[in-house]
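Below, all heavy atoms of this structure are taken into account, side chains as well, without hydrogens, waters or symmetry copies. Every chain is numbered from 1, with letters handed out A, B, ... down the list of sequences. Quantities reported herein were computed from a predicted structural model and do not represent experimental measurements.
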Number of protein chains: 2
Amino acid sequence: MTISETSTTRWLTAEEQHAWRSFARAARLLFAQLDHDLSRDAGMAPGAYELLVLLAEAPQRSLRMNELAEATLSSPSRITHAVGRLVDLGWVSRSSCPSDRRGWLAVLTDEGQSALAAAAPRHVEHLRAHLIDGLSAQDIADLRRISEAVLSRLPASGTAAAGCPTALVAAVEDCPPE
Amino acid sequence: MTISETSTTRWLTAEEQHAWRSFARAARLLFAQLDHDLSRDAGMAPGAYELLVLLAEAPQRSLRMNELAEATLSSPSRITHAVGRLVDLGWVSRSSCPSDRRGWLAVLTDEGQSALAAAAPRHVEHLRAHLIDGLSAQDIADLRRISEAVLSRLPASGTAAAGCPTALVAAVEDCPPE
DNA sequence: CAGCAACAGTTGAACGTTCAAAAAAGGGAC
DNA sequence: GTCCCTTTTTTGAACGTTCAACTGTTGCTG
């Protein structure tokens with residue numbers, strides 16, 4: 001049977017097709033490039049930077065495994081493994097949660113803070129070079145609007161974060177001096 | 001040393017930061033969701049759908065490994081492994097390249113064509129539900145414009161395609177009946 | 001027609017994510 | 001206080017990508 005006989009699928013128009021393919025290609029290339037840069041410059045595995053940023057921004061430089069999983073849209077299992085690697089690197093330490101004996105806190109160490117501070121400037125430069133500086137203020141606003149529209153239609157707490165690793169930008173300029 | 005003392009890094013403005021984080025979050029969630037849907041509905045590994053689409057659109061339903069690598073922005077090694085899995089599934093067969101004894105052609109089999117035709121309608125529905133139908137015509141146009149601006153600033157043939165798997169939409173409605 | 005750099009593709013190990021299963025603790029209901 | 005369901009986290013195997021060799025072919029240079 002051919003599709004056209006049995007389905008009423010609303011295929012994409014040429015416009016939609018073009019937009020989607022361009023978007024998919026751009027996003028893939030962008031994320032891959034940023035991860036590659038981050039790995040090259042700072043030796044950070046995909047996603048590690050994001051975890052460090054989240055911890056650096058958190059109240060006591062610490063977050064529960066659960067919170068890390070939700071913030072990064074990834075599975076608890078991934079967090080366990082990823083934090084384990086950061087612990088091995090000395091960038092994070094574990095601390096048992098005082099209020100819930102099941103829980104664990106991941107705490108950013110001074111070494112982790114330093115590694116993040118060292119990596120951030122180059123990361124921001126790359127992000128500007130690959131994305132921000134090529135866009136007008138209007139583009140930025142459009143991108144945000146469209147992204148938020150997409151987010152509003154996606155499963156609120158979709159536990160899904162593939163390789164698509166992406167890095168946040170740390171507010172390291174506010175970090176206490178070492 | 002603190003960053004602020006030694007660097008002239010142009011940090012992101014609040015607007016840029018918001019746009020970037022929304023974009024990154026939306027793109028990640030979107031791609032992950034689409035891959036998850038595709039894996040659930042059609043049993044296709046991340047990226048498999050894209051390879052099948054490319055082959056279906058190609059002249060003789062066949063492309064060289066090299067061409068697949070370039071079109072998917074991925075490494076030759078990934079193509080070798082990925083095509084190997086598709087061959088095991090019976091969706092693709094290998095054929096030696098007549099014009100270049102080093103080369104190999106990946107050829108979409110009838111089974112592969114059927115699998116793609118079966119998967120495409122649901123994939124398009126998901127893509128519409130998660131992305132297209134939530135956007136206005138203006139949004140679509142903006143998304144395309146911004147994506148192309150980003151692409152124009154990225155390394156032309158950046159051999160980089162992380163997990164960020166993304167699927168194209170097949171033009172399966174034009175496929176010959178089986 | 002050697003010699004040799006570049007190209008096309010494969011191989012296998014290392015790495016990170018996903019998945020299913022399990023251990024351990026919280027929070028109610030009775 | 002005990003049963004039971006839920007939540008939090010870990011574990012180890014399976015899977016896919018990346019990376020660094022490696023094989024074989026092309027095509028250019030002298």
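- A salt bridge links B:Arg61 with B:Asp110: the closest approach of a Lys/Arg side-chain nitrogen to an acidic carboxylate oxygen falls below 4.0 angstrom.
- Salt-bridge formation is not detected for the pair A:Glu148/B:Arg25: no Lys NZ or Arg NE/NH1/NH2 atom is positioned less than 4.0 Å from an Asp or Glu carboxylate oxygen.
- Atom CZ of A:Arg102 is separated from atom P of C:dA22 by 20 Å (rounded to the nearest Å).
- Judged by closest nucleotide on DNA chain D, A:Trp104 is the one of B:Asp100 and A:Trp104 placed further toward the 5' end.
- The base of C:dT11 lies close enough to the side chain of B:Ser77 for a donor and an acceptor atom to sit less than 3.5 Å apart.
- When ring centroids are compared, A:Phe23 and B:Phe31 come within the 6.0 Å threshold.
- The side chain of A:Arg85 places an N or O atom within less than 4.0 Å of a non-bridging phosphate oxygen (OP1 or OP2) of C:dT17.
- A close approach under 4.0 Å does not occur between any side-chain nitrogen or oxygen of A:Arg28 and OP1 or OP2 of D:dT17.
- Checked for salt-bridge contact, A:Arg21 and A:Glu15 miss the test: no charged N lies under 4.0 Å from a carboxylate O.
- Comparing A:Glu67 and A:Ser39, the nucleotide of DNA chain D nearest to each residue sits closer to the 5' end for A:Glu67.
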Could you go through the salt bridge (Lys or Arg N to Asp or Glu O under 4.0 Å) check for A:Asp88 and A:Arg85 one step at a time?
-> CA-CA 5 Å; A:Asp88 291 343; A:Arg85 286 188 292 270; over 6 Å; no
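- Taking atom CE of A:Met65 as the reference point, atom C1' of D:dT11 lies 13 Å away to the nearest angstrom.
- Distance A:Leu68 CG to C:dT17 C1': 16 Å, rounded to the nearest Å.
- Residue B:Tyr49 contributes atom OH, which lies 19 Å from atom P of D:dG16 at whole-angstrom precision.
- Atom P of nucleotide C:dG26 and atom CG of A:Asn66 are separated by 15 Å, given to the nearest angstrom.
- Whole-Å rounding puts the B:Phe31 CZ to C:dT17 P distance at 18 Å.
- Taking only side-chain nitrogens and oxygens, A:Arg101 never comes nearer than 4.0 Å to OP1 or OP2 of C:dA23.
- Counting to the nearest Å, the P atom of C:dA8 and the CG atom of B:Leu105 are 13 Å from each other.
- Residue whose closest nucleotide on DNA chain C sits further toward the 5' end, between B:His81 and B:Arg64: B:Arg64.
- A donor N or O paired with an acceptor N or O is not found under 3.5 Å between the base of C:dT17 and the side-chain atoms of A:Arg78.
- Look at CD1 on B:Ile79: it is 12 Å from C1' on D:dG16, rounded to the nearest Å.
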